[in-house]
Participant: 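Input: one structure, supplied below.
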Number of protein chains: 2
Amino acid sequence: MRRTKAEAEETRRGILSAAERLFHAKGLASTTLEEIAAEAGVTRGAVYWHFANKADLILALFEDAPLFHEDLLALLSDDDPAGPLGALEAMVIAALARLATDERRQRIYSMVALCDHPELMSRVMEHKTSMMDAVRLQLSVAFVKAADRGQIAAPWTATTAADAFDWLLHGVISDWLKFGRRFDLAHRGAEVFRLQFSCFRGGAPA
Amino acid sequence: MRRTKAEAEETRRGILSAAERLFHAKGLASTTLEEIAAEAGVTRGAVYWHFANKADLILALFEDAPLFHEDLLALLSDDDPAGPLGALEAMVIAALARLATDERRQRIYSMVALCDHPELMSRVMEHKTSMMDAVRLQLSVAFVKAADRGQIAAPWTATTAADAFDWLLHGVISDWLKFGRRFDLAHRGAEVFRLQFSCFRGGAPA
DNA sequence: AGTTACATACATCCGTGTATGTATTTCCAG
DNA sequence: CTGGAAATACATACACGGATGTATGTAACT
């Protein structure tokens, strides 16, 4: 019952999609390839045809999926009228709003944030950390630009502001995802970030 | 070769200690009871004598170990001369310093933060989330007290300040633990928290 | 015809849980 | 205080399922 190339690509995507859902629901380690295959409506044979093994499947998921961190960079406009700092503020608020309404991104971020297995899945971890490093570097550059334009008021500096931004962002997302999404990510997140950015600027809020 | 009660307690502690190290190094799911027993210098028989199963062992670890969140409450003094907000600031700086120098706490916090397995280890998760909820509630109360005494300047509120505090704290610790402790937690963390608290107060920094 | 895209079947191992063995201790009667 | 029974603190051995990986079959596509 061989399928056409298009159909094969469809099953491949179906396997990835099923894996994404199950990994998020049950965790990476306790989800079996058999379950993934069943969820996708195929057998383990299909899974092993498209992917060498479980780690390979997870890596493919990471490469294929829309990562929240890449969203950040995509949403960071270079010529915002409010300058680099305004661009960062708009970016983070937009990114939170997108994450709040996109289940797929939520699942992916959960996997990245909650990944166990530092040894066996070292390849996965490498991919993940290098990616996060790259994003953090870009954000640091943006904060330095903001400082250069005098948008960061003392005693904040480009470094401390970038740290606070980064930690605040990771913290809010982890809290929201890990504990059942019990608050309104987009609104409460945006509120705190607006206050935070007005602190960076050193002035009274708008 | 039965041991005396004191020796038995020693092996129990040895098993817990070995489990702590291995869980931190390899993740909860991929660490086997056999490995834990070997690391502790005993056999799986000893493990099963002291603990009903793996989940039970993990729960025992959580109950036995010094939790970072409990540190927070323990370090929160009720009558700081700088008022509730000053007490919170001193508390978080002390807690970060303690975490930075205590490997045991680092390992425990990693396990709590990175726990996979929402389904199979539901008891562990319940324990963890209920504990974190309790801590967050206490911190919220402290921030409300600070606001009542006029220590939180507009536009910050007790709620937004507590959110920012919580997210900043989780963010900095997760970043530090997950990516190889590549910065000075105590100093950079304290620096940012000091800036953050001066923002809460609405005034210029000390 | 040869390759592709799977399904099926099988071998194997690994981890768990449990049952059993056993040397000590602890406890208690005498 | 002492001898022995019972309980303790493990080690060892075993049974079992479950997951992985691989080998093989096979029908459709190219």
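In what follows, every chain begins at residue 1, and chains take the letters A, B, ... in the order their sequences are listed. Because the structure is a prediction, the values reported are computed rather than measured.
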Participant: Expressed as a whole number of angstroms, how long is the span from A:L57:CG to D:dT20:P?
Facilitator: 11 Å
Participant: Are there over 12 heavy-atom neighbours, none belonging to A:E103, within less than 6.0 Å of that residue's CD?
Facilitator: no
Participant: Could you check how far CD of B:E10 sits from C1' of D:dA9, rounded to whole Å?
Facilitator: 14 Å
Participant: Can you confirm whether more than 12 heavy atoms, excluding those of A:R104, are under 6.0 Å from its CZ atom?
Facilitator: yes
Participant: Indicate, with yes or no, if the rings of A:F165 and A:F200 have centres closer together than 6.0 Å.
Facilitator: no
Participant: Kindly indicate, with the supporting measurements, whether the criterion salt bridge (charged side-chain N to carboxylate O under 4.0 Å, His left out) is fulfilled by B:R201 and B:E89.
Facilitator: CA-CA 11 Å; B:R201 295 190 183 95; B:E89 184 174 355; 2.8 Å; yes
Participant: Report yes if at least one side-chain N or O of A:H50 is closer than 4.0 Å to OP1 or OP2 of C:dC6; otherwise report no.
Facilitator: yes
Participant: Mind calculating the distance between CD1 (B:I15) and C1' (D:dC10) to the nearest angstrom?
Facilitator: 10 Å
Participant: As a quick check of understanding, evaluate salt bridge (charged side-chain N to carboxylate O under 4.0 Å, His left out) for A:R182 and B:D133, giving each step before the final call.
Facilitator: CA-CA 12 Å; A:R182 288 182 301 192; B:D133 279 351; 3.1 Å; yes
Participant: Using OP1 and OP2 only, check whether a side-chain N or O of A:T11 sits under 4.0 Å from C:dA5.
Facilitator: no
Participant: Looking at B:T4, I'd like to know whether one of its side-chain N or O atoms comes within less than 4.0 Å of OP1 or OP2 on C:dT26.
Facilitator: yes
Participant: Output the rounded distance in Å from CD (B:E9) to C1' (D:dT8).
Facilitator: 14 Å
Participant: From the list D:dC10, C:dA5, C:dA7, which nucleotide is the closest neighbour of the side chain of B:W49?
Facilitator: D:dC10
Participant: Detail all sub-3.5 Å separations between protein N/O atoms and N/O atoms belonging to nucleotides 12-18 of chain C.
Facilitator:
unit_1: C:dT16; atom_1: OP2; unit_2: B:T32; atom_2: OG1; d: 2.8
unit_1: C:dT16; atom_1: OP2; unit_2: B:L33; atom_2: N; d: 3.1
unit_1: C:dG17; atom_1: OP2; unit_2: B:Y48; atom_2: OH; d: 2.6
unit_1: C:dG17; atom_1: N7; unit_2: B:R44; atom_2: NH2; d: 2.5
unit_1: C:dG17; atom_1: O6; unit_2: B:R44; atom_2: NH2; d: 2.7

Participant: Between A:R21 and A:S17, do the side chains contain an N or O donor and an N or O acceptor separated by less than 3.5 Å?
Facilitator: yes
